[in-house]
Amino acid sequence: MTAAAQGFEAVFGRPAKRLAEAPGRVNLIGEHTDYSGGYVLPTAIPQKTRIEIAPRDDGLVRIATTNVDGGAHLSFRAGEEARRGLWIDYVQGITAVLRQRGVAVPGFDARIASTVPLGSGLSSSASLLVALARALRAMLDLTIDDVDIARIAHAAEHDFVGAPVGTMDQMAASLADENTALFLDTRTLAFERIPLPAQAELLVINSGVAHQHASGDYKTRRAECERAAAALGVPQLRDVDAAAEPRIASLPPPLDRRARHVVTENARVLAAVAAIRAGDLGRLGELFDASHRSMRDDFEVSVPEIDDLVESARAQPDVFGARLTGGGFGGSIVALVKRGSATKVGRAVVDAYARVPGRRATVLVGGLVP
Ligand code: ADP
Ligand code: MG
């Protein structure tokens with residue numbers, strides 16, 4: 001066992017002062033819409049990042065994580081944050097953004113322990129950022145509300161880490177819970193918690209595929225959306241709806257397909273909220289399926305392994321619908337399953353996937369997670 005795995009006191013030789021947590025998330029529908037100012041519908045998952053923290057009076061920030069390289073330690077001086085291209089950038093991002101906002105961040109020791117799988121599309125990054133911002137809020141008695149925590153976490157990831165992400169993940173980590181879906185307007189950050197249907201459960205299965213160029217492809221998609229919006233003469237793709245279809249169709253490829261995904265996906269989020277409210281699981285499942293087709297064919301962020309998982313889930317009885325969740329190019333699928341059936345469906349999908357040599361999928365949420 002590494003030092004980092006032994007708890008705060010074993011690592012730092014004194015007890016922690018505060019403890020904070022934040023969950024990972026799974027997005028039900030509304031993918032690649034957040035950086036176009038659109039709608040999203042994530043919910044919190046049981047996995048979370050837990051941070052124990054205690055202040056120091058010498059300006060040094062020392063961080064231990066149990067989740068990288070079997071346990072790792074890095075440090076920096078508060079006020080001397082500089083991007084290193086390493087996991088510590090997420091920590092430096094939070095302290096740098098707080099300082100920009102006028103908070104005198106002292107040195108501290110912190111121990112990170114997360115059960116959110118890293119890089120699987122369940123937002124371990126936002127879970128870490130929000131947990132740390134909460135830990136510092138508690139340690140320094142800051143008056144910052146949960147939307148502000150999400151804004152700080154977003155600025156840390158977007159501006160300091162340098163990932164051109166939208167605001168969904170940080171808002172979900174800060175505001176979502178496991179019993180409701182967070183219906184979020186990413187332009188205004190207005191949100192509403194929609195109770196999840198009692199007759200269904202969510203099943204999340206990781207494909208085991210982590211695309212090497214995911215961040216580069218993500219940037220390309222974001223740039224394509226910005227070009228499509230400019231060509232349509234609007235600030236963001238959020239500003240066009242189905243009525244713009246003929247103009248979207250006349251955009252040069254692939255901008256036509258990219259814009260069509262975002263516009264139809266926004267409409268699907270609104271339809272999904274209506275379906276949940278009406279208790280119409282069949283309709284909600286159809287929307288999952290349509291969202292997957294749109295991500296696969298129009299936005300082109302799926303991969304064959306993910307398509308196979310989605311098809312195999314859809315072929316199971318008791319499955320209302322299934323889709324790629326998260327940014328894509330690998331990662332995980334989410335399926336909407338009749339309550340009580342997730343264990344059986346998960347096992348069948350994982351077994352079918354393993355029939356292709358070298359493929360191994362893992363159930364991350366739903367039923368009896370192994
Ligand atoms: P996702 O958010 O989908 O899990 P990202 O690529 O956005 O994937 O974020 C993963 C990165 O976040 C990791 O490579 C690491 O740098 C950082 N990270 C997340 N959780 C932790 C953790 N518990 N300890 C250290 N770094 C973490
Ligand atoms: Mg992330």
Side-chain angles (χ1 to χ4, degrees), residues 2-5 8 11 19-27 31-32 34-35 40 42 44-45 47-53 61-76 83-95 110-135 150 153-158 160-174 176 204 206-219 222 301 306 324-334 362 364-365:
T2 64
F8 187 96
V11 182
L19 166 68
E21 297 180 333
R25 63 98 187 97
V26 59
N27 191 23
E31 218 70 73
H32 285 276
D34 62 348
Y35 51 80
V40 295
I45 57 172
Q47 291 91 334
K48 50 182 67 125
T49 302
R50 188 174 192 266
I51 298 188
E52 296 164 283
I53 195 166
V61 178
R62 302 192 302 176
I63 310 290
T65 177
T66 58
N67 306 105
V68 177
D69 302 332
H73 297 75
L74 286 172
S75 60
F76 63 94
R83 193 194 301 177
R84 294 187 216 167
L86 295 170
W87 61 271
I88 193 74
D89 292 353
Y90 292 86
V91 177
Q92 296 192 87
I94 292 290
T95 58
R111 175 179 178 271
I112 304 167
S114 185
T115 52
V116 185
L118 274 60
S120 298
L122 300 183
S123 200
S124 69
S125 62
S127 157
L128 166 58
L129 292 159
V130 168
L132 181 64
R134 284 178 174 169
H154 180 258
E157 186 156 6
H158 189 276
F160 190 92
V161 176
V165 293
T167 52
M168 167 170 71
D169 294 354
Q170 301 80 17
M171 283 292 285
S174 187
V204 178
N206 185 353
S207 66
V209 178
H211 196 285
Q212 294 299 311
H213 309 294
S215 59
D217 286 325
Y218 189 98
K219 280 184 189 149
R222 186 172 175 146
V301 290
I306 289 281
L324 164 62
T325 185
F329 308 107
S332 302
I333 69 156
V334 59
T362 320
L364 297 178
V365 177

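Numbering of ligands and ligand atoms starts at 1, following listing order.
The residue from Val209, Val301, Thr325, Ile333 that alone fulfils the side chain to side chain contact (heavy atoms under 4.5 Å, CB included) condition with Ile306 is Ile333.
Between Ser114 and Asn67, the side chains place no donor N or O within less than 3.5 Å of an acceptor N or O (distance only, hydrogens not considered).
Distance from atom 14 (O) of ligand 1 to its nearest protein heavy atom, with residue and atom name: Leu118 CD2, 4.5 Å. With respect to atom 17 (C) of ligand 1, the closest heavy atom belonging to the protein is Tyr90 CE1, 3.6 Å. Summary of contacts: the protein heavy atom closest to atom 26 (N) of ligand 1 is Trp87 CB, 3.4 Å. Scanning the protein heavy atoms around atom 22 (C) of ligand 1, the nearest turns out to be Thr65 OG1, 3.7 Å. The closest protein non-hydrogen atom to atom 7 (O) of ligand 1 is Ser125 OG, 3.1 Å. Distance from atom 18 (N) of ligand 1 to its nearest protein heavy atom, with residue and atom name: Leu128 CD2, 3.8 Å.
Note: Asn206 CG to Leu364 CG = 5.0 Å, rounded to the nearest 0.5 Å. Rounding to the nearest 0.5 angstrom, the gap separating the CZ atom in Arg111 from the CD1 atom in Ile63 is 12.5 Å.
Heavy atoms of Thr49 come nearer than 4.0 angstrom to ligand 1 in no pair at all.
Distances from atom 10 (C) of ligand 1 to the heavy atoms of Ala210, Ala163, Ser124 show the closest one on Ser124. Atom 3 (O) of ligand 1 has its nearest heavy-atom neighbour, among Ser127, Ala131, Gly121, Ala173, in Gly121.
In the vicinity of Val68, heavy-atom distances shorter than 4.0 Å reach the ligand 1 atoms 25 (C), 26 (N). Of all atoms in ligand 1, listed by their number and element, those nearer than 4.0 Å to a heavy atom of Asn67 are 22 (C), 23 (N). Atoms of ligand 1 lying under 4.0 Å from at least one heavy atom of Ser114, given by number and element, are 23 (N).
Atom 12 (O) of ligand 1 lies below 4.0 Å from at least one non-hydrogen atom of the protein.
Around the Mg ion (ligand 2), the protein N, O or S atoms found under 2.8 Å comprise Ser125 OG.
Looking only at side-chain heavy atoms (C-beta outward), Glu157 and Leu129 come within less than 4.5 Å of each other.
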